[in-house]
K.L.:
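Structure provided below as structure tokens; questions to follow.
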Number of protein chains: 2
Amino acid sequence: MHESIDALSRGGGLAAWRQIADALEGEIATGDLAPGAQLPTEAALAARFSVNRHTVRRALATLAERGLIRASQGRGTFVEAAPLAYPIGRRTRFSEIVTGAGREPWGDLITHREIAAPPECAAMLAVPEGAPLLELLTVHRADGVPLSTARTWLPLPRFAGFAPAYERSGSITRALAACGVPDYTRASTRIRARLADPAEAARLDLTPGRVVIVVSSVNVDGEGVPVQANRAVFAADRVEVVVGT
Amino acid sequence: MHESIDALSRGGGLAAWRQIADALEGEIATGDLAPGAQLPTEAALAARFSVNRHTVRRALATLAERGLIRASQGRGTFVEAAPLAYPIGRRTRFSEIVTGAGREPWGDLITHREIAAPPECAAMLAVPEGAPLLELLTVHRADGVPLSTARTWLPLPRFAGFAPAYERSGSITRALAACGVPDYTRASTRIRARLADPAEAARLDLTPGRVVIVVSSVNVDGEGVPVQANRAVFAADRVEVVVGT
DNA sequence: AGTAATTTGTGCGTATGTATA
DNA sequence: GTATACATACGCACAAATTAC
């Protein structure tokens, strides 16, 4: 590998570390440094820009802060994969989003059972507290990589046949259609963030203590009747939630 | 204090820990247990429900997982303050959101300076890379508690007078009006989550390593011209982002 | 299995220019 | 003008994690 020597404008009021950060950000933006690619070592970058390694580290720190790169002790520094853009709107469909990104969607049904509606779910679904609900625990993948794990609640007895239909099709949309709900729209969405608990980390194939985005939503049928409440937990570094346009 | 003995329905197919969790969730929902209040000790709850302390712990764990309570070793278990609902839409105004919640908004201008547009900002504002931008670093508070810290970029020379106007009014809306932009709408919003870096933690008065929600957005004027790009960092346990109705 | 090499992470000390008081 | 504080930049040394042999 042949590394060029890039000259920085010194003493021109623009800090050397900022010029280095901008140069590297440009190479990432143009795809010269593709997602997943390893950056030159800090020592190599220091030589290329003719600066101390500390100066390079400061530049890398600003890029890492913004999630463009990730440093791994003993291994190197790598360009982060661009997170999957997950648009949230009135007609959000997981399968359409993943398919639109050129990847293969699938939802695995982990467990399902009947429960009495706890207060929070009862309010979201507009049913009495303690009413029978079907609770499903699912994991959603794109090209096999888990993006989210979700708990879904549906009122019983209306959706008694939902679980087997979901297991067959791997799709909320198709399973709802099998229960006589040809169309649904998203009524409300709340977005929070916290650390993954061990169970979520295992389901998402994350190291414990990583950040997750929690999206709680309610879907309603054509008559505005709530058919499904949902709490999806996304791996924060694999997904970016996009609102509106 | 006089603790009642609550009877659980045993052997009815409903786990004792879930009944306890539902009972406590109900007390939190009704405000019987107010935000910030300390729960009875695990031993006291075990006596109240006539169960083993392990059963109480399982119930508390489910509530803690959902962010309703927070256990602090050696101190006790406390009801989490309800996060401020932060609606995101085409006409999001920080001041209106906070005012609507019955709290007092203010934005502090920490620093402002002129920079050359880095690639990411240039794309958001639709200006050439390296074009002059005004960058502001601000902290936004509700009743004095910092909710978010933001970096805002505005194209120069159009908004040369923005910084002093913002410092006077503490409001993006009013400062833009002073620059001849009477109205603006949100064109796009991206939501991510990660750990707070030390600088952000200090500005938000957080212990380092806490989770933050990062909301990147672009605002456009009446003609659809981008006037402002923004990256706001919210303390995740003080704010909940709400989309749509 | 174990050792060495590579690479990032951390700390200390020093020097310089630039604002601010 | 002087003093102070701060950001920037350099040099050296070592720790910690990973990989290669």
Side-chain angles (χ1 to χ4, degrees), chain A residues 1-28 32-81 201 205-211 237, chain B residues 108-118 121 130 132-139 149-153 156 160 162-164 166-168 194-205 207-210 212 231 233:
Chain A
M1 185 61 186
H2 203 290
E3 286 291 345
S4 60
I5 307 279
D6 290 15
L8 305 179
S9 78
R10 306 304 285 261
L14 198 56
W17 64 264
R18 189 167 288 276
Q19 297 178 56
I20 295 170
D22 287 349
L24 294 175
E25 184 181 345
E27 291 179 29
I28 293 171
D32 210 5
L33 283 169
Q38 182 170 7
L39 272 71
T41 66
E42 296 175 352
L45 289 171
R48 167 178 160 192
F49 291 106
S50 305
V51 296
N52 190 272
R53 189 164 78 99
H54 282 300
T55 310
V56 169
R57 283 183 62 75
R58 178 147 191 196
L60 294 180
T62 64
L63 299 181
E65 180 186 350
R66 289 161 45 201
L68 274 70
I69 62 175
R70 178 183 299 270
S72 179
Q73 192 171 4
R75 298 205 308 133
T77 307
F78 301 85
V79 180
E80 281 279 29
D205 195 19
L206 287 175
T207 57
R210 299 297 288 277
V211 178
D237 50 8
Chain B
D108 280 328
L109 179 59
I110 308 299
T111 61
H112 64 97
R113 58 176 182 170
E114 184 174 338
I115 63 166
C121 299
L133 298 181
L134 177 66
E135 181 187 68
L136 297 95
L137 180 58
T138 53
V139 172
T149 177
R151 267 176 215 281
T152 301
W153 297 276
L156 290 175
F162 185 90
Y166 183 82
E167 204 148 23
R168 274 196 306 275
R194 54 173 171 78
L195 296 177
D197 67 37
E200 290 163 351
R203 288 200 293 273
L204 292 174
D205 196 17
T207 57
R210 298 297 288 278
V212 291
R231 189 172 73 238
V233 177

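Everything numeric in this text was worked out from a predicted model, so none of it was measured. All chains are named by letter (A, B, ...) in the order of the sequence lines, taking the proteins before the strands, and each is independently numbered beginning at 1.
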K.L.:
Check if the side chain of A:H54 and the base of C:dG11 share a donor-acceptor pair of N or O atoms closer than 3.5 Å.
P.N.:
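Per atom types, the contact qualifies.
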K.L.:
Can you tell whether the side chains of A:R48 and A:E27 come within less than 4.0 Å, N to carboxylate O?
P.N.:
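So A:R48 pairs with A:E27 through a salt bridge.
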K.L.:
Can you tell which of D:dT19, D:dA7, D:dA17 lies closest to the side chain of A:R75?
P.N.:
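Closest nucleotide to the A:R75 side chain: D:dT19.
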K.L.:
Run the side-chain contact (heavy atoms from CB on, under 4.5 Å) test on B:H112 and B:E135 for me, step by step, so that the C-alpha distance in whole Å, both residues' side-chain angles and the decisive distance to 0.1 Å come before the verdict.
P.N.:
CA-CA 6 Å; B:H112 64 97; B:E135 181 187 68; over 6 Å; no
K.L.:
Round to a whole Å and report the spacing from CD of A:E42 to P of D:dA13.
P.N.:
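Answer to the nearest Å: 18 Å.
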K.L.:
Using heavy-atom distances to pick each residue's nearest nucleotide on DNA chain D, tell me which of A:S72 and B:R113 is more 5'.
P.N.:
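Nearest-nucleotide comparison on DNA chain D picks B:R113.
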K.L.:
Starting from C1' on D:dA17, measure out to CZ on A:F78 and report it in whole angstrom.
P.N.:
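In whole Å, D:dA17 C1' lies 12 Å from A:F78 CZ.
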K.L.:
Just how far, in rounded Å, is P of D:dC12 from CZ of A:R53?
P.N.:
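Roughly 13 Å, once rounded to whole Å.
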K.L.:
Can you check side-chain contact (heavy atoms from CB on, under 4.5 Å) on B:V212 and B:R194, steps first, answer last?
P.N.:
CA-CA 6 Å; B:V212 291; B:R194 54 173 171 78; 4.1 Å; yes
K.L.:
Less than 4.5 Å apart, side chain to side chain, heavy atoms only: is that true for B:L156 and B:E114?
P.N.:
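Yes. Closest side-chain heavy atoms under 4.5 Å.
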K.L.:
Pick the nucleotide of DNA chain D nearest each of A:L14 and A:G74; which residue has the one closer to the 5' end?
P.N.:
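It is A:L14 whose nearest nucleotide is closer to the 5' end.
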K.L.:
Check the distance between D:dA7's P and A:R57's CZ and give it to me in whole angstrom.
P.N.:
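The answer, rounded to whole Å, is 19 Å.
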K.L.:
Rounded to whole angstroms, how far apart are CG on A:L60 and P on D:dA9?
P.N.:
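Taking CG of A:L60 and P of D:dA9, I get 14 Å after rounding.
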K.L.:
Quick check on D:dG11: is either OP1 or OP2 less than 4.0 Å from any side-chain nitrogen or oxygen of A:N52?
P.N.:
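For D:dG11, OP1 or OP2 has a side-chain N or O of A:N52 closer than 4.0 Å.
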K.L.:
Does A:T55 make a side-chain N or O approach to OP1 or OP2 of D:dT8 shorter than 4.0 Å?
P.N.:
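No.
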K.L.:
Can you tell me the Watson-Crick or wobble partner of D:dG1, both distances under 3.5 angstrom?
P.N.:
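Across all strands, not a single nucleotide pairs with D:dG1.
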K.L.:
Rounded to whole Å, please give me the gap between CZ in A:R70 and C1' in D:dA17.
P.N.:
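Taking CZ of A:R70 and C1' of D:dA17, I get 16 Å after rounding.
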K.L.:
In whole angstrom, what separates A:R18's CZ from D:dT8's P?
P.N.:
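Value for this atom pair: 8 Å.
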K.L.:
With heavy-atom distances below 4.5 Å as the criterion, would you say the side chains of B:L137 and B:R203 are in contact?
P.N.:
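Sidechains of B:R203 and B:L137: in contact.
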K.L.:
What is the distance from CH2 of A:W17 to C1' of C:dG17, rounded to the nearest Å?
P.N.:
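Going from CH2 in A:W17 over to C1' in C:dG17 covers 17 Å.
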